[in-house]
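Worksheet: one structure, shown below.
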Amino acid sequence: MLDPTVRVTPPGEGVSAKYAAFSGIWSGQLNGMYEGKLAVLTITRGGNVTATYAWGNLADNRPGVADGEGKISGNTLKLRRLPNGADITAAMQPDGTLAVTYALAGNTYTGTFNKR
C-alpha cells in the first residue's frame, strides 16, 4: 500500500486551519471492503495540494499507488484525475473524518477515512 517513506509536510504559516485540517495520512474502506489510504502531503495558502493515494484490490483494479495534485474548495478536496483514470474527492465531515468518493471506469465507491 502506502510507501513508509511518504512524508507529510506540515502546512506552513498562512495556511488556514480549514485547509490544514486535511493535512496528514488518512485511511479507511470504500464500500466497506476495499482498503484505501490518502496522504495529503502539502497544502498551500490557496488550497492547492499534493497527495498520494494507495489502494488495495478494488474490483478489477489491482493494488497500486498514484501521486496527484488537487485543490481544496470549501470543505472538499478534489484531486485531478489520477494516472489510473480514477477521480477522488474527500469532503471534511463535522466529526473530523473524510467522506471519500473514488470513481473509476463507471463505478463509484464511497467510504469514511480517519486520520492515522
Side-chain angles (χ1 to χ4, degrees):
M1 295 259 324
L2 200 58
D3 188 315
T5 63
V6 167
R7 293 288 173 250
V8 173
T9 301
E13 211 173 293
V15 174
S16 73
K18 187 175 181 180
Y19 291 169
F22 283 89
S23 180
I25 298 175
W26 301 81
S27 61
Q29 290 188 330
L30 299 170
N31 290 8
M33 64 179 125
Y34 302 115
E35 296 292 326
K37 287 190 179 170
L38 173 64
V40 179
L41 306 173
T42 63
I43 302 174
T44 68
R45 287 182 203 176
N48 293 310
V49 304
T50 59
T52 298
Y53 188 81
W55 61 91
N57 287 317
L58 182 60
D60 293 338
N61 200 8
R62 292 200 148 317
V65 177
D67 294 326
E69 296 178 346
K71 183 156 180 75
I72 301 167
S73 179
N75 72 335
T76 302
L77 164 61
K78 178 162 180 30
L79 295 181
R80 291 189 192 102
R81 181 161 286 166
L82 296 179
N84 69 341
D87 291 309
I88 297 174
T89 59
M92 184 65 68
Q93 301 302 295
D95 66 359
T97 61
L98 291 179
V100 175
T101 301
Y102 180 101
L104 178 67
N107 295 308
T108 300
Y109 307 91
T110 60
T112 301
F113 283 29
N114 294 292
K115 194 180 281 193
R116 303 195 307 190

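These numbers come from the heavy atoms of this one structure, side chains and all, not from hydrogens, waters or symmetry mates.
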Give the C-alpha distance, both sets of side-chain angles, the deciding distance and a yes or no for side chain to side chain contact (heavy atoms under 4.5 Å, CB included) between Trp55 and Leu30.
CA-CA 10 Å; Trp55 61 91; Leu30 299 170; over 6 Å; no
Classify the side-chain pair Thr9/Thr42 by whether it contains a donor and acceptor separated by less than 3.5 Å.
no
Roughly how far, to the nearest 0.5 Å, is the CZ atom of Arg80 from the NZ atom of Lys71?
9.5 Å
Keeping the roles fixed (side chain from Asn114, backbone from Ser27), state whether a donor-acceptor pair exists under 3.5 Å.
no
Could you check if a side-chain atom of Leu77 sits within less than 4.5 angstrom of a side-chain atom of Ile88, using non-hydrogen atoms only?
no
Hey, what do you get for CG (Leu41) to CG (Asp67), rounding to the nearest 0.5 Å?
7.5 Å
Taking Lys78 for the side chain and Ser73 for the main chain, is one N or O donor matched with an acceptor at less than 3.5 Å?
no
pair Leu79-Leu38: side-chain heavy atoms closer than 4.5 Å:
yes
Kindly give the heavy-atom pair with the smallest separation between Lys37 and Phe113, and that separation in Å.
N-CE2, 4.0 Å
Is there a donor-acceptor contact under 3.5 Å from the side chain of Asn31 to the main chain of Tyr109?
no
Taking all heavy atoms of Ile43 and all of Ser23, pick out the closest pair and write down the distance.
CD1-N, 3.6 Å
Closest heavy-atom pair and its distance - Leu98, Phe22:
CD2-CE2, 3.7 Å
Considering all heavy atoms, the nearest Ala39-Leu2 contact
CB-CD2, 4.1 Å
Do Trp26 and Val100 make a side-chain contact, defined as non-hydrogen atoms from C-beta onward lying under 4.5 Å apart?
no
If you round to the nearest 0.5 Å, how far is CD of Glu69 from OG1 of Thr50?
7.0 Å
Might you point out which heavy atoms bring Gln93 and Ala99 nearest each other, and give the distance in Å?
NE2-CB, 3.4 Å
Would the Tyr102 and Tyr53 ring centres measure less than 6.0 Å apart?
yes
Is the shortest side-chain heavy-atom distance between Thr108 and Thr101 below 4.5 Å?
yes
Taken to the nearest 0.5 Å, the spacing of Asp95 CG from Thr112 OG1 works out to 7.5 Å
Where Ala91 and Thr76 come nearest, the two heavy atoms and their spacing
CB-OG1, 3.8 Å
